[in-house]
Amino acid sequence: MLKNVIITGANSGLGFETAKKIAKTSGDYRLILACRNEQKGNEAKDRIISESGNGNVLVMKLDTASLQSVRHFADDYAQSGCGPIYALLCNAGINGTHLGLTEDGFDLVFQTNHLGHYLLTRLLLPQMEPDGLVFATTSDMHDPPMGQFDWPGTESLAHPGEELAKKNIRYSYSKLCNLYFIYGLAERLTLQGSGIKANAFNPGLMQTNFASVPKAAMTFVKMSMPQRCGDLDKSSTAYARLVTQDGLVGESGLYYDRSTEVKRSSALSYDRENREELWERSSEYCCVEPDWFPM
């Protein structure tokens with residue numbers, strides 16, 4: 001039986017490179033590229049098949065900025081006949097320069113990077129293999145270098161006031177949300193006795209179409225904050241290994257930093273009260289029960 005791996009935002013950057021490396025590992029893996037733009041998704045599919053020799057690649061439409069799209073994706077997958085999901089990589093995201101609200105009325109960055117993936121995971125959990133993997137792609141920016149960084153509450157992020165709605169810091173908050181979600185999910189799965197493992201992966205700051213950094217600025221960051229930089233080939237190789245190497249992921253609730261090595265995320269990311277508040281609010285926004293896990 002093929003091992004099904006769903007990767008959101010897989011038509012470019014980290015998602016694409018990770019998908020290609022997983023496909024190269026073995027023909028036993030089927031890659032489902034969950035993409036907002038189906039044309040770009042199909043172009044990525046053709047490249048992956050050509051470069052990996054693995055023809056088990058599908059494209060399915062998904063826009064995490066639309067809760068309806070997320071629900072349609074979950075329904076479409078259930079009817080696809082692909083079978084249980086081995087790994088779900090919640091990787092799609094946008095940076096903090098994107099402004100405005102989604103069709104659901106939430107901040108665009110908050111919903112694209114966090115809320116859509118929260119609902120997607122909740123809906124797909126019943127379709128996962130008993131020993132499946134869930135990953136969220138986070139960022140060093142969950143702990144921004146500019147100094148004091150406090151949790152403003154989920155409502156302030158979902159429906160930001162005029163001042164916050166224009167700030168790039170919304171990206172940092174969304175990456176902190178990824179960690180709160182993963183840590184909350186990991187705890188719940190463990191308490192339920194589930195074998196599914198939920199973890200986070202930080203690829204580091206890289207030159208991709210997601211964050212096109214001017215050469216001079218990238219040079220400055222590499223010199224002043226080398227610990228925040230990443231390499232697309234190395235990070236995607238590590239991400240793929242976490243999915244494909246048997247026994248490498250043995251626990252849940254971990255933070256993998258640019259490699260298969262585990263590190264601690266920021267102190268703020270382990271705040272249980274903030275984490276639970278985000279979980280409860282996210283459940284309300286998505287109209288799902290906060291602790292209902294049909295396993």
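Small disclaimer: the values here were computed from a predicted structure and weren't measured.
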task = Return the orientation label for the Y285 and F106 ring planes: parallel under 30°, perpendicular over 60°, tilted otherwise.
result = tilted

task = Indicate yes or no: does E17 engage K21 in a salt bridge with an N to O separation below 4.0 Å.
result = yes

ask   = With side chains defined as the heavy atoms from C-beta onward, is the minimum distance between V243 and K3 less than 4.5 Å?
value = no

query = With side chains defined as the heavy atoms from C-beta onward, is the minimum distance between L89 and T137 less than 4.5 Å?
reply = no

query = Mind checking whether R170 and L99 have side chains closer than 4.5 Å, heavy atoms only?
reply = yes

task = Measure the spacing between OG1 of T237 and NZ of K234 and express it to the nearest 0.5 Å.
result = 10.0 Å

ask   = Judged by atom type as modelled, is there a donor-acceptor pair below 3.5 Å linking the side chain of Y180 to the main-chain atoms of R272?
value = no

message = Regarding R188 and E276, does a basic nitrogen lie under 4.0 Å from an acidic carboxylate oxygen?
response = yes

key: R281 CZ to T154 OG1 distance, which is reported to the nearest 0.5 Å   = 7.0 Å

ask   = Do S283 and Y118 have a side chain donor and acceptor closer than 3.5 Å?
value = yes

query = From C90 SG over to H117 NE2, what is the distance, rounded to the nearest 0.5 angstrom?
reply = 4.5 Å

inquiry  = Is any side-chain heavy atom of F110 closer than 4.5 Å to one of P160?
reply    = no

query = Nearest heavy-atom pair of L185 and W279: which atoms, and what distance?
reply = N-CZ3, 3.5 Å

task = State, yes or no, whether a side-chain contact exists between N56 and Y29 at a heavy-atom distance under 4.5 Å.
result = no

task = Might you work through the side-chain contact (heavy atoms from CB on, under 4.5 Å) test for L123 and R71, ending with a clear yes or no?
result = CA-CA 8 Å; L123 295 176; R71 292 184 184 280; 4.0 Å; yes

key: Intermediate values then yes/no, side-chain contact (heavy atoms from CB on, under 4.5 Å), N274 and E277   = CA-CA 5 Å; N274 295 345; E277 189 261 340; 5.7 Å; no

query = What is the minimum heavy-atom distance between T8 and A92, and which atoms define it?
reply = OG1-N, 2.8 Å

S269/Y255 under side-chain contact (heavy atoms from CB on, under 4.5 Å): CA gap, chis, key distance, verdict = CA-CA 11 Å; S269 71; Y255 175 75; over 6 Å; no

Donor-acceptor side-chain pairing of W151 and E273 below 3.5 angstrom = no

ask   = Is the H114 ring parallel, tilted or perpendicular to the F181 ring (thresholds 30°, 60°)?
value = perpendicular

key: Side-chain heavy-atom pair I48, L33 within 4.5 angstrom cut-off   = yes

Plane angle bin for Y270 and Y183 - parallel if under 30°, tilted between 30 and 60°, otherwise perpendicular = parallel

ask   = How long is the gap from CG on N11 to CG on N37, to the nearest 0.5 Å?
value = 6.5 Å

key: Atom pair NE2 (H142) and CZ (F149), whose distance is rounded to the nearest 0.5 Å   = 9.0 Å

message = What I'd like to find out is whether the side chain of L88 reaches to under 4.5 Å of the side chain of L120, using heavy atoms alone.
response = yes

ask   = Can you name the nearest heavy-atom pair linking Q127 to A78, along with the distance?
value = OE1-CA, 3.3 Å

request  = Give a yes-or-no answer on whether the side chains of Y256 and N199 include a donor-acceptor pair shorter than 3.5 Å.
outcome  = no

key: Minimum side-chain heavy-atom gap P144-M141 below 4.5 Å   = yes

query = Which of these passes side chain to side chain donor-acceptor pair (under 3.5 Å) with N202: D257, N178, T138?
reply = D257

task = Among D233, D140, D231, find the residue that satisfies the salt bridge (charged side-chain N to carboxylate O under 4.0 Å, His left out) test when tested with R258.
result = D140

query = Does the ring center of Y239 lie less than 6.0 Å from the ring center of F201?
reply = yes

task = Would you tell me whether S174 and N113 have side-chain atoms, one donor and one acceptor, within less than 3.5 Å of each other?
result = yes

remark   = For T64 and V70, the nearest pair of non-hydrogen atoms, with its separation, is CA-CG2, 4.1 Å

Spacing of SG belonging to C286 relative to CZ belonging to R122, to within rounding of 0.5 Å = 8.5 Å

